[in-house]
Structure formats: structure tokens, C-alpha cells
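Notes to accompany the following structure.
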Amino acid sequence: MAAPVWSVDPRTGKQREQVAVEATAQEVGTAVRAADEARGALADRTVRAAFLRTAADRLEAARDQLVEAADAETALGPVRLTGELARTCYQLRAFADIVDEGAFLDVIINHPDDTATPPIPDLRRHKVPLGVVAVYAASNFPFAFSVAGGDTASALGAGCPVVVKAHPDHPALSELVARVLRGAAAQHGVPEGVIGLVHGFEAGVELVRHPLVAAAGFTGSVRGGRALFDAAAARPVPIPFHGELGSLNPVLVTEAAAAERAEAIGAGLAGSMTMGVGQFCVKPGLVLVPSGASGDALVKSLTDAVNDTDPGVLLDRRMRDNFLAGIAERTGLPGVDSPVTPGAGGEHTVSAGFLTVPAGKLTGEGAYDVLLEECFGPVTVVARYEDEAEATAVLSRLPGNLTATVQLSTEEAAGEGRGAELLAELTPLAGRVLVNGWPTGVAVAPAQHHGGPYPATTSTSTSVGGTAIERWMRPVAYQNAPEALLPPELRDDNPLGLPRRFNGRLER
């Protein structure tokens with residue numbers, strides 16, 4: 001008998017209602033086949049752009065109900081959730097605009113050229129959708145990285161139907177959002193199977209193994225993501241697996257920056273590391289701060305600001321237990337201090353805090369390596385470095401990250417000193433490098449990149465921004481095909497008015 005799926009209130013730990021049952025392998029197969037059968041309905045770009053916009057409209061119309069359901073399952077609060085829903089609707093409309101524009105199809109046409117070496121035949125290239133995409137919803141963004149989130153929006157924009165594996169922390173919300181999206185699909189004659197939804201751990205494994213699934217997008221833990229990544233690679237026909245797994249998001253504060261604005265940096269760090277109860281994938285988890293008076297002033301500012309932070313509720317009991325265990329392991333190391341001790345704030349809450357450690361303890365392998373691993377929740381590690389060489393030695397030991405930040409003085413930011421050198425030093429570590437800012441808050445913009453070297457992500461792509469659509473497409477070139485047989489995107493007269501590169505010239 002299939003296990004029930006319950007909605008749970010993280011503020012009390014009590015079950016609220018049974019939402020669904022965990023999907024069997026047969027039910028996963030049914031959802032995938034229904035999605036695959038909906039592919040043809042997405043072939044018309046006009047239809048799918050309209051579908052995306054209608055989905056945004058319908059989500060907005062259901063805002064009050066959706067925010068209430070999300071808050072009941074996540075305790076993230078109506079203000080945060082209302083903003084996140086607005087972001088989700090913006091993403092849907094942004095991908096609709098991208099679909100309308102058509103540049104993502106990357107149309108390139110070369111007419112024959114017998115004078116080239118070797119001779120060039122008639123070649124016409126564009127990108128086509130991969131097929132059904134499996135989306136694994138995240139716990140910490142129940143709208144923006146879940147059923148209607150960026151993976152779903154970009155996949156639909158590419159022309160790919162989606163089957164979502166719902167996150168167990170917000171199953172009732174997942175059902176509500178899927179219902180809204182299916183209503184939007186039906187309004188435009190798209191089969192409701194274009195949005196599949198399954199629950200359960202085993203269902204998630206079956207999903208990535210299904211032969212009709214052509215690609216997958218995941219946001220979650222290193223352990224869970226790596227298991228699915230390995231399953232995707234072990235298939236008889238391996239598929240792309242775009243996973244966001246974990247990130248420490250290091251911050252380097254220069255001596256000059258600390259001397260110039262220690263109080264502001266300390267306060268800014270406190271706001272960033274405690275935002276959303278420390279449950280952001282881009283939370284700064286390691287901060288390199290100089291030893292000496294300027295660094296002391298920064299730590300004092302951080303102490304004052306974190307002390308003023310109220311306890312908060314994590315997304316579920318498991319995360320709370322892992323947070324408390326992680327804090328105990330870290331504070332048990334010799335030389336690790338906690339000016340503000342993070343830990344249990346009550347039966348269901350946690351208190352924010354931070355740890356300090358001499359940076360020299362992080363320059364070689366050993367027990368202190370745990371301080372270089374992400375700890376999900378409202379905590380960061382402040383490593384006090386003696387000189388530039390010691391800071392560089394710590395950075396050299398870090399794995400890949402979503403972000404890396406440097407806090408510079410006014411003069412360093414203007415090009416004096418080591419500003420450019422430090423920027424180059426951080427670039428190999430992350431997909432987004434920040435100067436004098438904080439990584440929490442990922443703008444949805446065409447130039448955004450939300451990804452990074454492993455284990456931040458398992459591919460070089462982004463899950464935020466317009467280029468996220470590229471994950472779900474592949475290029476195809478036609479050689480010497482009669483124009484009458486070609487898809488309209490590749491015909492000389494350009495009946496769809498697409499941006500393209502025609503015989504070496506960029507046309508818009």
C-alpha cells in the first residue's frame with residue numbers, strides 16, 4: 001500500500017492533512033507518458049508564450065490562497081512568500097518574452113560556398129527541445145524553485161513538458177500550484193499532462209530513470225543530488241542532469257575595507273547570513289576577516305547585529321536536527337569560539353549565531369575541514385587571517401561555489417591595490433563574483449548566472465536568468481535540405497521574423 005503524504009506545520013511539528021500518496025513506479029510512468037504526449041501542443045511558440053503568461057496571471061489571482069498554504073507548510077511568512085510568488089510570476093513572463101523574441105533558438109544559416117577550404121555545403125542550424133524534463137523541487141523556495149519555478153518555466157519555454165517531483169516540505173502547496181498551471185494549459189488547448197506531479201522518494205528515483213525523461217533539474221543537498229546525478233549517468237541512455245547541490249559562498253574582507261567600514265560590513269553580513277533563517281543557497285558561510293583592531297571592530301558589529309536577531313523556524317524537523325548537530329560538531333573543535341552561540345531557540349525554533357577560528361587551522365586537511373562545508377541555517381564561520389598569504393591558502397582549499405564575494409575599500413575598488421588581483425583569485429571559485437555586496441538576493445535578469453563549479457552545480461549552466469532555457473535544448477544542423485522541407489525557422493525568407501546569423505551577418 002502506498003505511503004500517505006502529509007502536510008506538516010513546521011511551527012509545531014504536527015501533521016495538518018493528508019495531501020496525496022507516494023507515487024508507484026507505474027504512476028510515475030503514467031505521468032511521464034502524459035507529459036510526452038503533450039509535446040506537440042507546445043510546438044507552437046505563440047501558444048506556449050501565451051500559456052506562460054496565463055500561468056502567471058492565474059498564480060497572481062490565487063495569491064492569497066497560495067501564500068496562506070505556503071506559510072502553513074514552510075513558516076517563511078507572508079511577506080517573504082508574497083515577494084517570492086511575485087518573482088515566480090515575473091520569471092514566467094520573462095520566459096514568455098524570450099520565447100516570443102526567438103533568439104534562444106540560435107538560428108544560423110550558411111549558404112554553399114565552393115571557394116572555402118574545405119567547401120561549405122548548405123547548412124542550417126537551430127535548437128530543438130529535448131523532451132520531457134524532470135524537475136526536483138527545492139524546500140527553501142516553495143514558489144521560485146518548485147512546481148512553477150525557474151526550472152519549470154524555462155523548460156516549458158523551451159517546449160519541454162515537465163514532471164515535478166514535489167518536495168515533502170510543501171506537498172499541499174505543490175498540488176495547488178500544479179492545479180493552477182494545468183488550468184492555464186487547458187485555457188490554451190494544451191493537455192493538462194504537460195505538468196505532471198509525483199510525490200515520494202522512490203518516485204523521484206523512478207522519474208530520473210524513466211526512458212522518456214530527457215533531462216533533469218534539481219535543487220537540494222549534495223547527497224541527494226549526487227545520487228540522482230549518478231542515476232542519470234548510469235541509465236542505458238544517460239541524460240543531462242542540472243543539479244544545484246551545495247555552496248559555502250566565501251567572503252573575503254580586505255584589511256583596508258575593514259579599516260574603512262567595519263561596522264557596515266558587520267551589519268551587512270549579519271543581515272545576509274540570517275536572511276530567511278539562514279536557509280538561502282547563497283548564504284555567506286565562510287568569511288575571511290583580518291586579525292587586528294579593524295577585524296575586531298567588524299566582529300563586534302556582527303555580534304551586536306546577530307544578537308538582535310529573533311529565533312526562527314527552519315523548514316522541517318530534519319533540518320533543525322541537522323543544524324544543531326552541525327553546530328555541536330563545529331563548536332567542539334579546539335580554537336573555535338562562538339561570540340554568539342547558534343543553537344536551539346525553543347522547541348521548534350533555532351537561534352542565529354556565528355563561529356570564529358584562526359584561519360591557519362583551515363589551511364591543511366584535518367578535522368577543521370568541516371568548517372569548509374555548508375551548514376544549512378543561520379550560522380557563518382569567521383576565519384581571522386594574519387596576512388594575505390594565509391587568506392589565499394584558505395581560498396585555495398575551497399570547492400566550487402555559487403558565489404564568492406570580496407569587500408574592498410574605496411581605493412581598492414577604484415583600481416588601486418590588489419582589487420583586480422583578488423577578483424581574479426575568486427573567479428575560479430564561483431559562478432557569480434560580487435564586489436562590496438552580499439550574495440543573498442539573486443536577481444532574475446538576462447545576465448544572471450546562478451551556478452558554479454562542482455559541487456555548487458553539476459553543469460556549467462544557470463538555473464536563474466534567460467539563458468537557463470538553454471539547458472533543455474539541443475542543436476540540430478540540416479545539410480543540403482530542400483527549403484520546402486525545412487522548418488520555418490530555417491527558411492531564407494525568415495517567415496517568423498527571428499533573430500539569426502545569415503551567411504555570417506547577424507540579423508535582427
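The two residues W472 and A158 have their closest heavy-atom pair at CB-CB, 3.9 Å.
Side-chain N/O atoms of W438 and T405 include no donor and acceptor closer than 3.5 Å. Donor-acceptor pairing under 3.5 Å is recorded for the side chains of R226 and Y454. Side-chain atoms of S146 and H167 include no donor-acceptor pair closer than 3.5 Å. Donor-acceptor pairing under 3.5 Å is lacking for the side chains of E470 and S461. A donor-acceptor contact under 3.5 angstrom links the side chains of H348 and R317, judged on distance only. For the 3.5 Å distance criterion, the side chains of T462 and Q448 fail to qualify, holding no donor opposite an acceptor. T331 and S338 are not linked by any side-chain donor-acceptor pair at a separation below 3.5 angstrom, with hydrogens and angles left out of the test. For the residue pair E390/T363, the side-chain donor-acceptor check at 3.5 Å is not satisfied. In this model, a donor atom of one side chain and an acceptor atom of the other lie less than 3.5 Å apart for N249 and S247. For S291 and E386, the side-chain atoms include at least one donor-acceptor pair closer than 3.5 Å.
Between F141 and F280, the distance from one ring center to the other falls under 6.0 angstrom.
Using a cutoff of 4.0 Å between basic side-chain nitrogens and carboxylate oxygens, D296 and R384 are scored as salt-bridged. The existence of a salt bridge linking E425 and R418 is confirmed by a sub-4.0 Å separation between a basic side-chain nitrogen and an acidic carboxylate oxygen. Comment: D97 engages R53 in a salt bridge, judged by a side-chain N to carboxylate O separation of less than 4.0 angstrom. The pair D100-R45 fails the salt-bridge criterion, with no side-chain N (NZ, NE, NH1 or NH2) lying under 4.0 Å from an Asp/Glu carboxylate O. A salt bridge does not link R80 to D71: none of the charged side-chain nitrogens sits closer than 4.0 Å to a carboxylate oxygen. Taking a cutoff of 4.0 Å between a charged side-chain nitrogen and a carboxylate oxygen, E507 and R505 qualify as a salt bridge. Classification of R93 and E60 as a salt-bridged pair holds, one side-chain N sitting under 4.0 Å from a carboxylate O.
More than 12 heavy atoms of other residues, nucleotides or ligands sit less than 6.0 Å from atom CZ of F502. Applying the 6.0 Å contact sphere to CZ of R397 captures more than 12 heavy atoms from other residues, nucleotides or ligands.
Side-chain contact check for V277 versus T349: every heavy-atom pair is 4.5 Å or farther apart. When side chains are defined from C-beta on, I265 counts as touching V253, because their heavy atoms get closer than 4.5 Å. Using a 4.5 Å cut-off on side-chain heavy atoms (C-beta onward), P240 and R471 make no contact. Annotation: side chain of F145 is not in contact with side chain of N140 (no heavy-atom distance under 4.5 Å). H126 places none of its side-chain heavy atoms less than 4.5 Å from the side chain of R500. Contact of the V135 side chain with the V163 side chain is not registered, since no non-hydrogen atoms from C-beta on lie closer than 4.5 Å. A 4.5 Å side-chain heavy-atom check between T74 and D169 finds every atom pair outside the cut-off. For the pair L402/C281, a side-chain contact is recorded, criterion being any heavy-atom separation below 4.5 Å from C-beta on.
Remark: E489 CD to I109 CD1 distance equals 10.5 Å, nearest 0.5 Å.
Side-chain N or O atoms of R125 include none that pairs as donor or acceptor with a backbone N or O of I108 at under 3.5 Å.
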Please walk me through it: do V442 and V282 pass side-chain contact (heavy atoms from CB on, under 4.5 Å)?
-> CA-CA 8 Å; V442 182; V282 288; 4.2 Å; yes
Step by step, work out the side-chain hydrogen bond (donor to acceptor under 3.5 Å, both in side chains) result for T254 and E412.
-> CA-CA 9 Å; T254 68; E412 288 171 329; 2.8 Å; yes
